[in-house]
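First the structure, in the form of structure tokens, and then the observations on it.
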Amino acid sequence: STHCISSAASDVYKRQAIMSNLSALSVAVEVASRKRDDARKVLQDTLAAEQAARAQLDQLEDYARETESRWGMKADTAMQPEVMYHHYHFMDRLGHAASIQTSVVGDQSARVQAAQRALLDAELRLASLRKVVDKRRNDLALQQQRRDQKQTDERAALQYRNCLLYTSDAADDMQCV
């Protein structure tokens, strides 16, 4: 009798510990979900910044091509040497700006890759936490199912024993089966 009580108390304690563990895991899942959402937002922001940097580089390169093509059409006209100097100087500065913008695009691409890795890490963390929670819930359900089956078996055994106690002969014993 005391063994049954201590076993029942132990089961209750184990169930409470598992539920507490599940509660802590649920909080961890919520935190991991927020971190995943934050990582997704960072990725979106870095993608937008990369796209803006590429668009600016494209503008610079398009402007440089347009300027060169306009000057190419004027190649057969006589130009003052100082005008040519200013044109070449301007084109050098435009090329320098384009090279700086190219490095900005590269930096933004590196940030996008880092944000993609961070998002993937956050998604993997969340998925693994969800798997742990599911496993714990399944374990808890299995334990409950076993407890229920044990109680059902004990009740059936008790009913059978009582039936045997209150029947007088072998013919009546067959009623207990």
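All values reported here derive from a predicted model rather than from experimental measurement. Computed from heavy atoms alone, side chains included, the values below leave out hydrogens, waters and symmetry copies.
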**OP:** State, to 0.1 Å, how close T102 and L57 come at their nearest heavy-atom pair, and which atoms those are.
**Re:** OG1-CD1, 3.6 Å
Original post:
What are the two closest heavy atoms between A28 and L129, and how far apart are they?
Top reply: O-CD1, 3.6 Å
Original post:
If you take all heavy atoms of A115 and V42, which pair is closest and at what distance?
Top reply: CB-CG1, 4.1 Å
Subject >> Separation between CG of D153 and CG of L158, rounded to the nearest 0.5 Å >> reply: 12.5 Å
Original post:
Looking only at heavy atoms, which two atoms of L119 and A39 are closest? And how far apart?
Top reply: CA-CB, 3.8 Å
Original post:
In Å, rounded to the nearest 0.5 Å, how long is the span from CZ of R137 to CG of L142?
Top reply: 16.0 Å
Original post:
Do you know which two heavy atoms are closest between M91 and A64, and how far apart they sit?
Top reply: CE-O, 3.6 Å
**OP:** Mind running side chain to side chain contact (heavy atoms under 4.5 Å, CB included) on K131 and D134 for me, showing each step along the way?
**Re:** CA-CA 5 Å; K131 274 190 173 183; D134 288 345; 5.6 Å; no
**OP:** Would you kindly confirm whether L60 and V104 end up in one hydrophobic cluster when ILVMFWY residues are joined by side chain heavy atoms under 4.5 Å apart?
**Re:** no
Original post:
CZ of R147 to OG1 of T152: how many Å apart, nearest 0.5 Å?
Top reply: 12.5 Å
**OP:** Say whether, by atom type as modelled, one donor and one acceptor occur between the side chain of Q108 and the main chain of A53 under 3.5 angstrom.
**Re:** no
Original post:
So R40 and E123, side chain to side chain contact (heavy atoms under 4.5 Å, CB included) or not? Walk me through it.
Top reply: CA-CA 10 Å; R40 185 174 288 139; E123 287 175 340; 3.4 Å; yes
Original post:
Could you walk me through whether V112 and Q116 pass the side chain to side chain contact (heavy atoms under 4.5 Å, CB included) check?
Top reply: CA-CA 6 Å; V112 165; Q116 287 171 331; 3.9 Å; yes
Original post:
Taking 4.0 angstrom as the limit, do R65 and D62 come out as a salt bridge?
Top reply: yes
Original post:
Salt bridge or not for R70 and E66, using N-O below 4.0 Å?
Top reply: no
**OP:** Answer with yes or no whether the side chains of R36 and S33 bring together a donor and an acceptor at under 3.5 Å.
**Re:** no
Original post:
Do we see a donor-acceptor contact under 3.5 Å between the side chains of R146 and Q149?
Top reply: no
Original post:
Between CD of Q51 and CG of D58, what distance do you get to the nearest 0.5 Å?
Top reply: 10.5 Å
Subject >> side chain to side chain contact (heavy atoms under 4.5 Å, CB included) assessment of R130 paired with L126 >> reply: CA-CA 6 Å; R130 284 182 174 159; L126 179 59; 3.8 Å; yes
**OP:** Drop me the distance from L43's CG to R111's CZ, to the nearest 0.5 angstrom.
**Re:** 14.0 Å
Original post:
So do the side chains of L124 and S128 get within less than 4.5 Å of each other, counting heavy atoms only?
Top reply: no
**OP:** Using a 4.5 Å cut-off on heavy atoms from C-beta on, say whether the side chain of Y63 contacts that of Q59.
**Re:** no
Original post:
Should the pair K41-D45 be classified as a salt bridge under the 4.0 Å nitrogen-to-oxygen rule?
Top reply: yes
**OP:** Would you give the length of the straight line joining atom CZ of F90 to atom NE2 of H86, rounded to the nearest 0.5 angstrom?
**Re:** 12.5 Å
Subject >> Distance-only polar pair, side chains of D139 and Q143, donor-acceptor under 3.5 Å >> reply: no
